[in-house]
Amino acid sequence: MGEETVSNEIKDYILRLNQATPYHRLLDMNITKIKKGYCEAKLVVEEKHANPMRIAHGGVAFSILDTVSGSAARTIGYEVSTVEMNISYFNPSYIGNELTALGKVLKAGKKIIVVEGKLYHEGKLLSVSRQNLMNLGPLNLE
């Protein structure tokens with residue numbers, strides 16, 4: 001799924017979904033790059049993302065990795081829903097950090113699409129996820 005491009009129609013659809021999804025707006029996570037089988041998004045950690053220890057709540061990493069994973073699957077033309085997601089946390093993120101999440105399709109089966117996600121701050125790996133997404137069929141781009 002290397003450097004292949006995505007149709008403008010699919011790219012516009014994914015970007016529209018990102019901007020129109022209330023939860024994405026609540027967290028201020030924005031898709032910044034789309035390629036075939038790949039999606040990237042960014043988020044700046046704010047007070048609203050902090051847990052009682054004043055670091056980003058683990059749900060922030062989970063949410064942005066879920067978003068890039070689903071969007072990466074959409075780049076290959078399928079609507080999806082998360083079936084299972086595992087995440088490992090390696091380092092915390094702090095208020096003011098800009099996070100970059102990457103989602104990459106590893107295998108696209110007829111029923112299940114497997115995606116790996118990685119979350120970074122300034123090149124430092126914060127979290128890794130592995131996700132199984134149910135293939136719900138072709139995208140409805142309308």
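This structure is a prediction, so every number in the text was calculated from the model and none was measured. Any value given below was found using the heavy atoms of this structure, including those in side chains, with hydrogens, waters and symmetry copies removed.
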Checking side-chain contact (heavy atoms from CB on, under 4.5 Å) for the pair I34/L15: CA distance, chi angles, key distance, verdict?
CA-CA 9 Å; I34 299 170; L15 292 172; 3.9 Å; yes
Just wondering, do T82 and E84 contact through their side chains at under 4.5 Å, heavy atoms?
no
Distance, nearest 0.5 Å, that separates CD1 of I87 from CG of L119
7.5 Å
Tell me every residue that passes salt bridge (Lys or Arg N to Asp or Glu O under 4.0 Å) with D28, counting only those two or more places apart in sequence or in another chain.
K48
Kindly compute the distance separating OG (S71) from NZ (K33), expressed to the nearest 0.5 Å.
15.0 Å
D66 and Q131: side-chain donor and acceptor closer than 3.5 Å?
yes
If every non-hydrogen atom of A61 is compared with every non-hydrogen atom of Y89, which pair is closest and at what distance?
CB-CE2, 3.8 Å
Any donor-acceptor pair under 3.5 Å from S63 side chain to V60 backbone
no
I95 and R54: CA distance, side-chain angles, deciding distance, side-chain contact (heavy atoms from CB on, under 4.5 Å) verdict:
CA-CA 7 Å; I95 294 169; R54 308 224 3 99; 3.5 Å; yes
Distance (rounded to the nearest 0.5 Å) between T5 OG1 and I10 CD1
10.0 Å
Count I, L, V, M, F, W, Y as connected when their side-chain heavy atoms are under 4.5 Å apart, and connections chain through other members. Are M29 and L65 then in the same cluster?
yes
With rounding to the nearest 0.5 Å, note down the distance linking NZ in K11 to CD1 in I31.
11.5 Å
Are V80 and L136 side-chain neighbours, meaning at least one heavy-atom pair lies under 4.5 Å?
no
To check you understand the geometry: which heavy-atom pair defines the closest contact between A101 and V68, and what is its length?
O-CG1, 3.7 Å
Does a side-chain heavy-atom distance below 4.5 Å link V105 with K36?
no
Applying side-chain contact (heavy atoms from CB on, under 4.5 Å) between L27 and each of V45, T21, L43, report the one that passes.
L43
With a cut-off of 6.0 Å (strictly less than), are more than 12 heavy atoms of other residues, nucleotides or ligands near CE of M85?
yes
Heavy-atom distance under 4.5 Å between the side chains of R74 and L139, does that happen here?
yes
ILVMFWY network linking L141 to I14, side-chain heavy atoms under 4.5 angstrom:
yes
Give a yes or no on whether Y13 and Y23 share a hydrophobic cluster (residues Ile, Leu, Val, Met, Phe, Trp, Tyr; joining criterion: side-chain heavy atoms under 4.5 Å apart).
no
Is F90 linked to F62 within one hydrophobic cluster, defined over Ile, Leu, Val, Met, Phe, Trp and Tyr using a side-chain heavy-atom separation of less than 4.5 Å?
no
Pairs meeting criterion side-chain hydrogen bond (donor to acceptor under 3.5 Å, both in side chains) with involvement of residues 113-130, two or more places apart
N97-H121
Can you tell if the side chain of I112 reaches within under 4.5 Å of the side chain of V83, non-hydrogen atoms only?
yes
Can you list the steps and then say if I113 with V115 is a side-chain contact (heavy atoms from CB on, under 4.5 Å)?
CA-CA 7 Å; I113 299 170; V115 182; 4.0 Å; yes
Spell out, as yes or no, whether a donor-acceptor pair under 3.5 Å connects the side chain of S69 to the backbone of G103.
no
Once rounded to the nearest 0.5 Å, what's the spacing between atom OH of Y94 and atom CG of L99?
12.0 Å
For I76 and G37, the nearest pair of non-hydrogen atoms, with its separation, is CG2-N, 3.8 Å
Positive for side-chain contact (heavy atoms from CB on, under 4.5 Å) with N30, one of K42, Q19, H24
Q19
How long is the gap from NZ on K111 to CG on N132, to the nearest 0.5 Å?
14.0 Å
